[in-house]
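One structure is given here, and the rest of the page talks about it.
In what follows, every chain begins at residue 1, and chains take the letters A, B, ... in the order their sequences are listed.
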Protein chains: 2
Amino acid sequence: MSQSTSQSKTVNRRILLASRPHGAPTANNFKIDESPVPTPAAGQVLLRTVYLSLDPYMRGRMSDAPSYAPSVEVGGVMVGGTVSRVVASEHADYKVGDLVLSYSGWQDYELSDGKGLTKLDAKLGKPSYALGVLGMPGFTAYMGLLDIGLPQAGETVVVAAATGAVGSVVGQIAKIKGCRVVGIAGGADKCKYAVEELGFDACVDHRATDFPQQLAAACDKGIDVYFENVGGAVFSAVLPLLNLHARVPVCGLIANYNATDKPQGPDNLPGLMGRLLVRRIKMQGFIIFDYYHRYLEFFNEMSGWFAAGKIKFREDIVDGLENAPQAFIGLLEGKNFGKLVIRAGDE
Amino acid sequence: MSQSTSQSKTVNRRILLASRPHGAPTANNFKIDESPVPTPAAGQVLLRTVYLSLDPYMRGRMSDAPSYAPSVEVGGVMVGGTVSRVVASEHADYKVGDLVLSYSGWQDYELSDGKGLTKLDAKLGKPSYALGVLGMPGFTAYMGLLDIGLPQAGETVVVAAATGAVGSVVGQIAKIKGCRVVGIAGGADKCKYAVEELGFDACVDHRATDFPQQLAAACDKGIDVYFENVGGAVFSAVLPLLNLHARVPVCGLIANYNATDKPQGPDNLPGLMGRLLVRRIKMQGFIIFDYYHRYLEFFNEMSGWFAAGKIKFREDIVDGLENAPQAFIGLLEGKNFGKLVIRAGDE
């Protein structure tokens, strides 16, 4: 391993939750802490973080509102999936140099007893794909679209955050399944990319003042599957366009994650219920953890598609663990373009 | 057939939509009209209405808001399912005296060419059951609960309008399937009936000031299936109690049917969406028309249960077609107790 300026063999930098955010997180909600790199005891390995995945769900972990997973304690290390390298090993199953998928969080080093580690498959291509197209975001797109959305050839599938880690894969799988795909993204560059690179049939900029009209025009046969990963005003525009027997996998609600007193979005629950009834719509929340038993099915099919060039995947790689807080703040504002990953150490 | 005071062989009374209601319907939204009883031409039958079903969905037909079925025109006859007797026939398939299931609406007589008529099965017991436990309401309960709610033995099933035509059947099927069943109804008499006669495990009065607390106490293991047929404040109390992977068949929203500018109920769509996600809840609207191909499956199983005394069914029979408007207004206010049927003519 080469030594880089951001990489020390003696100091472990950890990014801690300094305080719980009220609304959008700021730099003050994080603090960086330095401690000596620990030494593995018998049965342990020392992991060096190579890539850290930054994902919208982490906003939920910063809050103490009840959710499907425990909050990060104030003063605790921010959680997150990582690709890590074994740099010292007292564990029979791991040797120095092994690359593993871990959940080491926002820090340079972690001691592990091996539980929860997965050695990376050589078929990955780039190790960082284990955090993206062939990891949790790709798996989320795959199961939510196929198991809940049940897209049929010829149907119209709409996905927001269309160039993001999940949305871009949702739309491309829907194209493989013969659907008409309409993306929603923030800004002309992302929309152009969705159509020209990802092969979507159309992409609408949600920042446009006539966004609802543009969306309706792009979905002239209505919407059969709406993959919900943003909520808020985008959902308001989608709701009137949902067809009879439409399916809405509810994967995420990034528009709400920074809400304070009250979540953003349309205040029209009775209106939604009425539409669900009249149009016989299915809405179903899901969390990818529920599908772990189907990971291999996903991995095999997706790696085939990816190798064949049927799925493209863009990464937005930011160098330096110290830049994770600012990159994460930008993620919640839609500033990234592609799957956001921190390169914390050399491959 | 005997002649009763409300029954004429020369005059056809029809109840027309006089004007569209704004909010709750009033007597002024209806008018009664008299015309000569028509004579069947070749290929036609003359039907005399014996029973007229009154159901909440009819409120939707009085409105011109877009829905899954066309509105009644102002000046048109109010629609509705009927049990009718053939009193004159120029149709080879029907003879005088036949009882048929029809959709003749709120009138004494109708000419029919036979399309859409179903001769009543002798297994029915009482002809009016074709409008209730063995007809549309029972079928709605059966498919919504079993096909969307997917109740498992040991789970908690909650149903509102617990003594109504649909709700009472939902709860009893859930009992057959081994579930704990909690009803919601308006008033002590209905709650007592749900527990003592229908065999529900508990029933909570939604008029109680501490209704949400009482519901939570009755559902100490949360709610796995909520059969939604009322909406409004009842749904607000149910939402926080829904368990992981709960299913919510959305069958009707009677609390909203009389709403004017804006439907009643909790203004918290983003909150609902968040809960759907975190708890992985499925909500799905349905309309019984979508299940017509499974009617025989329903009829066979339900008539078996009914004959075996496993399903009880209470009717609230009001005499006289002229009383249909007032009875319907009361239905939307929860004044009926059991399946509301108008006896328009002698059996």
**Report entry** Partner chain B: residue of A:Ile148, A:Asp290, A:Leu276 with the largest heavy-atom pair count (under 4.5 Å)
**Finding:**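 Among A:Ile148, A:Asp290, A:Leu276, the one with the most close pairs to chain B is A:Asp290.
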**Report entry** chain B contacts, top residue of A:Glu228, A:Arg280, A:Lys282 (heavy-atom pairs, under 4.5 Å)
**Finding:**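 Ranked by heavy-atom pairs under 4.5 Å with chain B, first place is A:Arg280.
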Query raised in the report: Side chain, backbone, both or neither: which part of B:Ile287 has a heavy atom under 4.5 Å from chain A?
Result: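 Both parts, heavy atoms under 4.5 Å.
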**Report entry** Closest approach of B:Val250 to A:Leu277 (non-hydrogen atoms, all atoms of both residues)
**Finding:**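 Scanning both residues, the minimum pair turns out to be O-CD1, 3.2 Å.
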